[in-house]
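Presented below is the structure to which this report refers.
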Amino acid sequence: MKIATFNVNNVVKRLPNLLAWLAEAEPDVVCLQELKTAQPAFPAAALAAAGYRAAWRGQKTWNGVAILARGAEPVVTRAALPGDPDDDQSRYLEAAVDGVLVASLYAPNGNPQPGPKFAYKLAWLARLARHAGTLRREGVPVVLAGDYNVAPTDRDIYSTRSWAKDALVQPESRAAFRRVLAQGYGDAIRAVHPQAPCYTFWHYMRNRWERDAGLRLDHLLLSPDVAARLRDAGVDREIRGRPGASDHAPAWILLDRAPGARTRVKRRR
DNA sequence: ATGCCTAAATAGTTTAGA
């Protein structure tokens, strides 16, 4: 089972790039962020033609998250992050797919900091940590996938100097990310690649892609039962270099079959 | 301290992204 997360930076504008990647990478489940599309404008028909059924929560101009499943219906369990009824930004969607609870999340960027946007980011991540703890206590297999807008350590950024004041690398942002992990989750990319940078984002500005001046902002956090099934993980970085690309590249995990899972047996005739 | 890119919108400059 292959689960991927991809900040598409406008799912309508980026649809050809998305479809090409789906055909090549063949993920079973995809978490999308930054749809930047109102709910009715989501390209559900084009994705269905590609073999994916979808659940999504759109929003005009900004934000927006989706979960795609190949040949299966994602069963939505939550369409908002608990903890603030007044938060109407489309940043969280959660669905059950093939025995795994998958969350597609888009944490606030938080710039400029300090300020109200940074406070919203930290509060949002605190809500995520609380909810991540709730899911652990429910004992279900969980994958929290998305754009956390946090480079967790200095290894996750090409140079700390030019980003020193950025919300993505602040100690408070990193502590907020660690509090999610502390609920009992593992960082899948780092588990497989402890040393390699594994950037997932390269800014459009200043030839950051050509210079490989990236950041690792997109993460897949796994509950222990899912982590035990982790066979491989990676970043499809070449996607970032294509014409009309998003500024993010997809990150993915490959899971072994769940222990005790029913195997499909083809009857011989 | 700001520009640097990219994109959308009570658009023709402003706001947001990260």
Side-chain angles (χ1 to χ4, degrees), chain A residues 5-18 31-43 56-66 87-92 104-125 128 145-177 180 189 197-219 235 237 239-251:
Chain A
T5 182
F6 186 13
N7 179 325
V8 281
N9 187 11
N10 194 325
V11 71
V12 172
K13 173 139 187 81
R14 223 68 65 186
L15 186 59
N17 299 61
L18 173 61
C31 298
L32 298 176
Q33 300 86 33
E34 281 210 86
L35 305 179
K36 292 187 170 179
T37 303
Q39 187 73 5
F42 183 82
W56 67 96
R57 194 181 154 204
Q59 182 180 329
K60 190 183 177 187
T61 309
W62 309 118
N63 310 318
V65 284
D87 184 0
D88 56 0
Q89 299 190 23
S90 296
R91 295 183 177 275
Y92 188 87
S104 177
L105 62 96
Y106 175 50
N109 171 281
N111 282 307
Q113 71 82 27
K117 292 191 172 186
F118 191 56
Y120 173 58
K121 173 186 191 140
L122 296 180
W124 197 94
L125 287 170
L128 179 64
D147 179 357
Y148 285 72
N149 266 317
V150 177
T153 72
D154 286 352
R155 191 182 295 284
D156 302 305
I157 179 168
Y158 67 99
S159 157
T160 51
R161 234 182 68 214
S162 60
W163 295 80
K165 291 186 176 175
D166 198 281
L168 304 179
V169 301
Q170 293 311 301
E172 298 95 322
S173 304
R174 289 174 166 178
F177 180 77
V180 182
I189 296 283
C198 296
Y199 302 141
T200 64
F201 165 83
W202 297 259
H203 209 298
Y204 288 125
M205 294 194 285
R206 287 193 157 177
N207 297 316
R208 291 253 167 81
W209 165 247
E210 289 78 0
R211 294 163 43 213
D212 193 23
L215 291 83
R216 193 173 74 97
L217 305 179
D218 302 86
H219 312 296
V235 177
R237 53 176 283 137
I239 294 299
R240 175 62 181 82
R242 296 194 178 170
S246 166
D247 41 8
H248 292 250

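Chain letters run A, B, ... following the sequence lines, proteins first and then strands; every chain starts at 1.
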(request) Provide, to the nearest angstrom, the distance between the CG atom belonging to A:L125 and the P atom belonging to B:dA18. (result) 13 Å
(message) Heavy atoms only, 4.0 Å cut-off, all strands: where does A:N149 land among base, sugar-phosphate and nothing?
(response) sugar-phosphate
(message) Can a side-chain donor-acceptor contact be found between A:W202 and A:D247 if the only test is distance below 3.5 angstrom?
(response) no
(request) Let me know the distance between CZ of A:F177 and C1' of B:dA18, rounded to the nearest Å. (result) 16 Å
(request) Remember a base hit wins even if backbone is also touched, and classify A:K13 as base, sugar-phosphate or nothing at under 4.0 Å, heavy atoms. (result) sugar-phosphate
(message) Just to be sure I understand the rule, does A:L215 reach a base, reach only the sugar-phosphate, or reach nothing, if contact means heavy atoms closer than 4.0 Å?
(response) nothing
(request) Report the distance from atom CD of A:Q59 to atom P of B:dG17, rounded to the nearest whole Å. (result) 10 Å
(request) Measure the distance from NE2 on A:H219 to P on B:dA18 and round it to the nearest whole Å. (result) 13 Å
(message) At 4.0 Å (heavy atoms only), tell me whether A:K117 reaches a base, stays on the sugar-phosphate, or touches nothing.
(response) sugar-phosphate
(request) Using the C1' atom on both, measure B:dA11 against B:dT6 and round to a whole Å. (result) 16 Å
(request) Determine whether A:Y199 and A:L217 make a side-chain contact, defined as any pair of heavy atoms from C-beta on separated by less than 4.5 Å. (result) no
(request) Measure from the side chain of A:K60, starting at C-beta and using heavy atoms only, and say which of B:dA9, B:dA18, B:dC5 lies closest. (result) B:dA9
(request) Could you work out the separation of B:dT14 and B:dA18 based on their P atoms and round it to a whole Å? (result) 22 Å
(message) As a test of reading the structure: which of B:dC5, B:dA16, B:dA18 is closest to the side chain of A:Y106, going by heavy atoms?
(response) B:dA18
(message) Using a heavy-atom cut-off of 4.0 Å across all strands, would you classify A:N10 as base, sugar-phosphate, or nothing?
(response) sugar-phosphate
(message) Can you classify the ring geometry of A:W56 versus A:F42 as parallel (below 30°), tilted (30 to 60°) or perpendicular (above 60°)?
(response) parallel
(message) Check the orientation of A:F201 and A:H248. Use parallel for under 30°, tilted for 30 to 60°, and perpendicular for over 60°.
(response) tilted
(message) Regarding A:D147, tell me which of base, sugar-phosphate or nothing describes its non-hydrogen contacts under 4.0 Å with the strands shown.
(response) sugar-phosphate
(message) Rounded to whole Å, how long is the line connecting atom CH2 of A:W209 with atom P of B:dT6?
(response) 15 Å
(message) Does B:dA9 have OP1 or OP2 under 4.0 Å away from a side-chain N or O of A:T61?
(response) yes
(request) Using the P atoms only, state how far B:dA9 lies from B:dC4, rounded to an integer number of Å. (result) 23 Å
(request) Specify the separation, in whole Å, of atom CD of A:E34 and atom C1' of B:dA8. (result) 12 Å
(request) Starting from P on B:dT6, measure out to CZ on A:F201 and report it in whole angstrom. (result) 12 Å
(request) Classify the nucleic acid contact of A:D218 as base, sugar-phosphate or nothing, counting any heavy atom under 4.0 Å across all strands shown. (result) nothing
(request) Determine the Euclidean distance between corresponding P atoms of B:dT10 and B:dC5; express it in Å to zero decimal places. (result) 27 Å
(message) Taking the nucleotide of DNA chain B with the nearest heavy atom to each, does A:N9 or A:N109 sit closer to the 5' end?
(response) A:N9
(request) Take the protein atom CG of A:N111 and the nucleotide atom C1' of B:dA16, then report the distance between them rounded to whole Å. (result) 10 Å
(request) For a side chain to side chain donor-acceptor pair (under 3.5 Å) with A:D218, tell me which candidate from A:T200, A:T5, A:N149 qualifies. (result) A:T200
(request) Ignoring backbone atoms, test whether A:R208 places a side-chain nitrogen or oxygen under 4.0 Å from the OP1 or OP2 oxygen of B:dC4. (result) no
(message) Checking A:E34 against A:N7: is there a side-chain donor and acceptor pair closer than 3.5 Å?
(response) yes
(request) Assign each of A:K165 and A:M205 to its nearest nucleotide of DNA chain B by heavy atoms, then name whichever residue's nucleotide is nearer the 5' end. (result) A:K165
